[in-house]
Structure formats: C-alpha cells, structure tokens
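Worksheet: the structure to be examined is printed underneath.
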Amino acid sequence: MNLNRKDVIALQDMSAEEINLCLDTADSMRDVLKRPVPKVPALQGKRVVTLFYEPSTRTRTSFEAAAKALSADVVNITTSASSIVKGETLKDTIYNLKAIGMDALIMRHPMGGAPNWAARVFTGSVLNAGDGMHEHPSQGLLDLLTIRQHKGRIDGMKVAIIGDIRHSRVARSDAWGMTKLGAEVRFVGPPTLMPVEVEKMGVKVTPDLREGIDGVDVVYTLRIQLERQQGGLFPSIREYAELFGMNSERMKWAADDALLMHPGPINRGIELSSELADSPRSVILDQVTNGVAVRMALLFLLLTGPDHALPEPEVN
Ligand code: NCD
C-alpha cells in the first residue's frame, strides 16, 4: 500500500489505513535514526522548503532534521527575513518556490485553510505544519506513534485532552486521528474553550477535570493559546490553573500507568506543574523524538511513492 496522495493537510481526510501506513513507516524511520550514521539516501536530489508564517521551534527543526536524514536539500524561509515583509503575497511566494523547483513545501500559516489553497497552486507536495486553529497533522501522527510505542496499541485507549481545545489545531488532529484508530477521546475544559461543532467530532466533552481523566490511559495537556484569545474566555490564568492545571496529585485520578503528554511549548505552572512535566510519567520528549521519524515517513511516502503522480502544472 502507498500513500496515494500529493499532500498531507489534515488527519480528518485521511483513512485509518493511511494513518497506520504513516505510523508503520515511522517505526522503520525510528530504526534509521538509531543507526550510528542516522542518514539514508532515499530523497537525494529532492528539494524541500519550509515556509513558516508563525513562530516554531520543534516543528520546523524537526521537519528540517527529517528531510536531512533522508538526504534531501532543505531551504528554510523565515518570513520576517523574506520578501513577504516587502508585501509579496502568499500566491506569488508559492509561484516563485515552484519556479525555483522545490519538490515539497512545508508550511505553517495563521489562517486555517491556507495549506489547502497552497496545495492547489503548488505542483509538488504540501505538508501542513499547522494552519490557524484547523489542523497539525504531523503532530497528530507523532502523538499516535508515541501512544502506540508505549501502550502497544491505539484501539480501546482512553485519552483525555485537556485545556484550550477551541484554539488548538493539535487537539483537532489528535481527536480525528485517535478516533479513527479506535480510541475514546474526551475533551476536558471550560465550555468557553470548546470548539463550536464539538459534537460532530465523535468525542465526549466534560468541564470536570476529575470526571474527564478518571481511568484514562493518556492525559494530554494543551497550552493556553494566549495569542489566539479574543479575551474574556476565562476569568484568569490563576483560576484556570486551579481548575484545570495538571499535577502529580491529580494524575492519580488517571490509570496507574497513564502517560502524560503535551505538544510543547509548555507553560510551566499553568497547564502543567514542573514536577509532573519532568516526572517518569511524562513522555513529552519522546513525542519530540518521534516527531522526526513521523516527518521522515511523511516526506518519504509523499516524495517516493510509485503511485505518486503530480498533477500537470497550472497554466497561469
Ligand atoms: C503547537 C502548535 O504550534 O500548534 N506546538 C507544536 O507545534 N508542537 C501547540 C502550541 O503552540 O501550543
């Protein structure tokens, strides 16, 4: 089986088979990364560009490390140092990257849907590295890989995703991916931080932390996205931390062997105590390590698949 698609934009539109293929391929990539020389020539001669319109530490570095481990050539565009500050539109930027001959465009953008649009303009593969409040598919996959690595399966796992779900593309990708693979997902947080059409996502919802994490196998904490808040959605950070902040005491409400996860960056002392973040229950740094393997898998599957047929270039 192959990933018979040009782009990876959202887990919502991927099948369970496609998701499993990505995870299985990522397992092989993890083996590559354990070799003394963690590099293979699979993508030699392929050109990959990262275009990030929002800050990022993990995701951009991890995509770059992944592309380099497969021997692709990587160019990074930091939007603050590009012609974008001179007023170039996204469309013109993408046309230029196409003209330079890039094979893959890894893109982060504050507007949900921007990568969908880019995928129609760009002839090569587009990988969504996070678009607004929509999706972050490579994060969803690395979270699935981390759960599978530690628990042996996804099917039947109970996962509580806690916090600012409304503004979280991570929560959306996780919920789509986990439910497609048979996990039970619970969204836990104040009703003002729930997405509008939450009932369509096949998840359970509760504003009660204790009820939400009762017996779960995975406690997944989210950062409060202060940069996306319109204001007034909860009274204060301190109150939020008191009601929904995770710590070692509260972790006892979950299953005895429950994992603690977080996509990063952590706001220590708000959604998560430092002590719990650094405890043996935490697999946060495994998530980061798995991110490289998952992104290698995505680049490999998109850029080398025998079924991979790029559409004819758009006539301008
Ligand atoms: C997340 C993001 O940017 O969507 N971080 C990440 O990519 N690991 C989550 C966040 O910013 O809180």
Side-chain angles (χ1 to χ4, degrees), residues 8-12 26 50-67 76 78-80 106-115 126-147 159-178 187-190 193-195 218-230 233-234 237 240-241 244-246 259-272 277 282-296 298-299:
V8 170
I9 309 286
L11 293 193
Q12 182 177 5
T50 68
L51 177 64
F52 276 54
Y53 289 83
E54 267 188 19
S56 168
T57 313
R58 269 155 298 273
T59 306
R60 204 199 57 69
T61 317
S62 160
F63 264 116
E64 182 175 351
N76 296 306
T78 309
T79 51
S80 59
I106 298 161
M107 181 175 162
R108 171 170 286 191
H109 199 279
M111 297 281 284
V126 174
L127 291 94
N128 178 12
D131 61 329
M133 304 189 294
H134 174 225
E135 280 227 31
H136 193 349
S138 60
Q139 179 74 43
L141 291 170
L142 74 88
D143 289 336
L144 289 169
L145 188 68
T146 307
I147 296 172
V159 183
I161 303 179
I162 306 164
D164 188 357
I165 312 230
R166 184 186 187 120
H167 299 98
S168 176
R169 52 197 176 208
V170 175
R172 276 181 192 72
S173 288
D174 274 352
W176 289 119
M178 289 169 185
F187 281 170
V188 185
L193 294 183
M194 284 298 150
V218 178
V219 172
Y220 197 103
T221 47
L222 294 169
R223 183 177 67 87
I224 291 283
Q225 307 246 327
L226 291 171
E227 73 277 24
R228 288 190 219 284
Q229 297 268 358
Q230 308 295 309
L233 292 178
F234 57 93
I237 290 282
Y240 176 85
F244 296 101
M246 277 305 297
L259 307 176
L260 187 267
M261 299 175 68
H262 191 295
I266 304 173
N267 285 316
R268 288 175 183 262
I270 300 178
E271 68 268 10
L272 188 53
S282 165
V283 293
I284 294 173
L285 292 177
D286 291 346
Q287 291 173 261
V288 180
T289 306
N290 283 333
V292 182
V294 155
R295 290 167 179 131
M296 284 170 77
L298 290 177
L299 287 165

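When a ligand or atom number is given, it counts from 1 through the structure's own listing order.
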Cation-aromatic face contact Arg108/Phe52, 6.0 Å, 45 degrees: no
Residues Asn76 and Thr50: side-chain donor-acceptor under 3.5 angstrom: yes
Checking Ser173 side chain against Gly140 main chain: does a donor-acceptor pair fall under 3.5 Å? no
Where does Gln139 meet ligand 1, judged by heavy-atom distances below 4.0 Å: at the side chain, the backbone, both, or neither? side chain
Partners meeting side-chain contact (heavy atoms from CB on, under 4.5 Å) with Thr61 (sequence neighbours left out): none
Across all chains, not counting sequence neighbours, the side-chain contact (heavy atoms from CB on, under 4.5 Å) partners of Asn267 are Arg223, Ile270, Glu271
Please confirm whether Arg108 comes under 4.0 Å of ligand 1, counting heavy atoms of the residue only. yes
Are Gly264 and ligand 1 in contact, using a heavy-atom cut-off of under 4.0 Å? yes
For ligand 1, which atoms have a heavy atom of Thr59 less than 4.0 angstrom away? 6 (C), 7 (O)
So, regarding Pro263 and ligand 1 (criterion: nitrogen or oxygen to nitrogen or oxygen, under 3.5 Å), is there a contact or not? yes
Run the numbers for me: atoms of ligand 1, each under 4.0 Å from some heavy atom of Arg223, listed by number. 10 (C), 11 (O), 12 (O)
